[in-house]
Structures are given as C-alpha cells and as structure tokens.
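Naming convention: chains lettered A, B, ... in sequence-line order (proteins, then strands); numbering from 1 in each chain. This structure is a prediction, so every number in the text was calculated from the model and none was measured.
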2 protein chains.
Amino acid sequence: MRDQGNQCSEQLGERLAARGLRPTVQREHVYRVLLQDRDHPTAEQVFMRAKKGMPDISMATVYNCLDALVKCGLVKEVNVDRAAMRYCPNMHEHWHFRCDNCGAVYDIDLPPSRLRLELKVPKGFQPKTYEISMRGACPNCAQDN
Amino acid sequence: MRDQGNQCSEQLGERLAARGLRPTVQREHVYRVLLQDRDHPTAEQVFMRAKKGMPDISMATVYNCLDALVKCGLVKEVNVDRAAMRYCPNMHEHWHFRCDNCGAVYDIDLPPSRLRLELKVPKGFQPKTYEISMRGACPNCAQDN
DNA sequence: ATTGAGATTTAGAATTATTCCAAGTATTGA
DNA sequence: TCAATACTTGGAATAATTCTAAATCTCAAT
C-alpha cells in the first residue's frame, strides 16, 4: 500500500497517453487525492483537498482533471449524468438506459430474473431503494454509425 | 388506456393524503404531464409542457409538485441524487450505497454472482457502462435509530 | 537544447439547476 | 363560515458546472 505513488503516476501517464491526453502535475495530484480518501468526494471536496498540496490549483482545473481521469478510465462518476434530474412515472421494477449520443432515457424492463435475489448488501446496511442505469448507444443512434 | 384521467386523479388523491399532502390541481396536472409522454423529462421540460394547459404555473410549483409526487411514490427520480457529482477511483465492478441520513457513499462489492449475466438489454441497445446504486441507511445511521 | 504547435491551467464571468422567500391563495377540519 | 395550515407564485439566492481569454506547459521535431 505504501509506494503506491509511482505506480499511480506511471499508470496515469500511460492511460492518459492512450487517450491523447497529457500527463500533468495537476492531474496526478488530483488522482492522488482521490486515491487517498476513498469516500466519493464531490468536485468541491476534491478541490479543497487538492489545495493542501497545491495551493494554486483552480476549481476549473479540478473539473478538467476529473474529466480527464474519467475519460481515461481511472475514475468513475457516481451519478447517471451531471445534468438535470429526470422524472419517471413508471413505478414497476425496471431500469434505465441513457443514450450517450442523443441523451434520451429509455425504460428497460426487468427480465423475469433472479436479479432481485442478487442484490445483497453487507450486514448493517438497510437499503430502501435501488436504481440500475446503463449508458451507451440506443437503437436509433447505434444504427447511424 | 383511455380514461386514464380519473384513475389518475383518484390514485393521486389517495397517495397524497396518505402522506399528509394535499391534492391540488397543479399536482394533478404535473402528474398528467408525466404520464402523457414517458420520456423522462427534466423539470424544465415538465414546466414547459405543463404551461400548455396551465399557463400560470410556476417553475417553483413544478419542483414542488415533482417532490410531492416522488414523496408519495408515484414518480421516481432518475439519478442518484440531485446534488453534486461524486468521484470514485475504484474501477473494480462494484456498486454504491448512499446513506439518506448522513449522505455518505459506500462501495458495495459485487458478490461472486451471476449478476452480470442478468443485465441483458433489448435488441438494438449497445450498453457501454452500467451503474447500480442503492439508497437507505448505512450501518452507523441504522443503529442510531 | 530550442522551438513551435497545440494542450492545459488559471481566475473569473456566465450559465444552468435547484432552493429559498415573502406574500397572496386555496384547502381542510371544526 | 372560519381559523389554521399547506400551497402557489415570481423573483431572488445559491450551488454546480461550464466557458473564456490569456498565460503556461508539454511534446515532438529539429
């Protein structure tokens, strides 16, 4: 667990390069901040933590770095999308598919399935609701490709 | 499918009452708007559609109505939460548990499971990523209860 | 090492989504 | 009918995110 540092920056450099993105000290620093406390911080929290080791970093850069990390597959965004909340009057069990191209959100019916059974949580957690969402290309957009 | 109207308002009235909320023409109208086009509109879109039949309705009321509908279980919010995006450097397959009480987000490891196999989508959809998120009480908060 | 092209960072303005507020209005139960 | 309370409204306020233009950095080719 110690010396995760170099591993981190090497992996980061490769990953970024693979996407045509450049490795920068800010990106590495932001990544390190994320690795340090695994508590799913908001961009604002990342900003505040990042400033400790890099006082001049700006909020815009934090967003930029987070985007870069997401693009190169080192970080996940925990939310369906960063835009407005959407509303759905279908209360049957189902999940959602959001098209990355056209932005449409589709209902996907749950297969007969034993999915429900599989959604087990560790002891102590008391789940009330859950949501499954997928992203990718919808039939229309997949065709135009 | 026709005459869904009265059914709609009856159900609405009961549901609202059960939560100590009052039935109002605005709430019914907003619900009707949601039932009309099942395309997961944003609050802004609901507002624009609602204005057609109720020109004086305000954006604040639309938000209020949507909240009421969500509270009484007739509508779902399609997003983990309406606050800031969160970032997670854990790229292993896992899902998230968000505590409604303290707001913390936990990683929940995927059980060995055949969950993956169950995530089938209808023909034509090309999923790239998916996310499973649950909400409820975390172990700490569940205890203090 | 130098250099030029293009990517990145920065601060702050702008935009977008959502919530708050105070005043007027509607609904409920007595 | 009346009082209490919830709801609606328009607009202001806040919060999250994106945009902008100028300065700086990185890369790859000299």
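- Under a 3.5 Å cut-off, the side chain of B:Q45 and the backbone N or O of B:T42 do form a donor-acceptor pair.
- Listed in residue order, the members of residues 52-61 of chain A having a heavy atom less than 4.0 Å from DNA chain D are A:A60.
- Looking only at atom types and distance, the side chain of A:D107 has a donor-acceptor partner in the side chain of B:H40 under 3.5 Å away.
- The distance between atom CD of A:E28 and atom C1' of D:dT26, rounded to the nearest whole Å, is 15 Å.
- Between the P atom of C:dT8 and the OH atom of A:Y63 lies a distance of 19 Å, rounded to the nearest Å.
- For the pair A:L66 CG and D:dT17 C1', the computed distance is 12 Å after rounding to whole Å.
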Which protein N or O atoms sit under 3.5 Å from an N or O of nucleotides 27-30 of chain C?
| from | atom 1 | to | atom 2 | distance (Å) |
| --- | --- | --- | --- | --- |
| C:dT27 | O2 | B:R22 | NH1 | 3.2 |

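- Between A:H29 atom NE2 and C:dT8 atom P the separation is 19 Å, expressed in whole Å.
- Applying the 4.0 Å criterion to OP1 and OP2 of C:dT9, one finds that A:N64 has a side-chain N or O inside that range.
- No side-chain N or O of B:Y31 forms a donor-acceptor pair with one of B:Q36 less than 3.5 Å apart.
- Distance A:K51 NZ to C:dT9 P: 17 Å, rounded to the nearest Å.
- Legend: residues meeting side-chain hydrogen bond (donor to acceptor under 3.5 Å, both in side chains) with A:T24, ordered by chain and number and at least two apart, are absent.
- At least one donor-acceptor pair under 3.5 Å links the side chain of A:R15 to the backbone N or O of A:C72.
- Under the 3.5 Å distance criterion, the side-chain polar atoms of B:R27 are matched with a main-chain donor or acceptor of B:R22.
- Taking atom CG of residue A:L16 and atom P of nucleotide D:dC25, one finds them 18 Å apart after rounding to whole Å.
- For A:R19 and C:dT8, the CZ to P distance is 14 Å, given to the nearest whole Å.
- A:Y87 has its OH atom 12 Å from the P atom of C:dA17, to the nearest Å.
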Could you walk me through whether A:M134 and B:V121 pass the side-chain contact (heavy atoms from CB on, under 4.5 Å) check?
CA-CA 9 Å; A:M134 312 182 86; B:V121 296; 3.4 Å; yes
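- For the side-chain hydrogen bond (donor to acceptor under 3.5 Å, both in side chains) test, no residue two or more places apart in sequence or in another chain qualifies with A:H29.
- No side-chain donor-acceptor contact under 3.5 Å links B:D109 and B:H94.
- Once rounded to the nearest 0.5 Å, the distance linking SG of A:C88 with CD of A:E131 reads 9.0 Å.
- Of the side-chain N and O atoms in A:Q26, none sit less than 4.0 angstrom from OP1 or OP2 of D:dC25.
- Identified under the salt bridge (Lys or Arg N to Asp or Glu O under 4.0 Å) test for residues 49-62 of chain A, with sequence neighbours left out: A:D39-A:R49.
- Remark on the helix from C:dA1-D:dT30 to C:dA30-D:dT1: inter-end axis angle 40°, axes from five-pair C1' superpositions, rounded to 10°.
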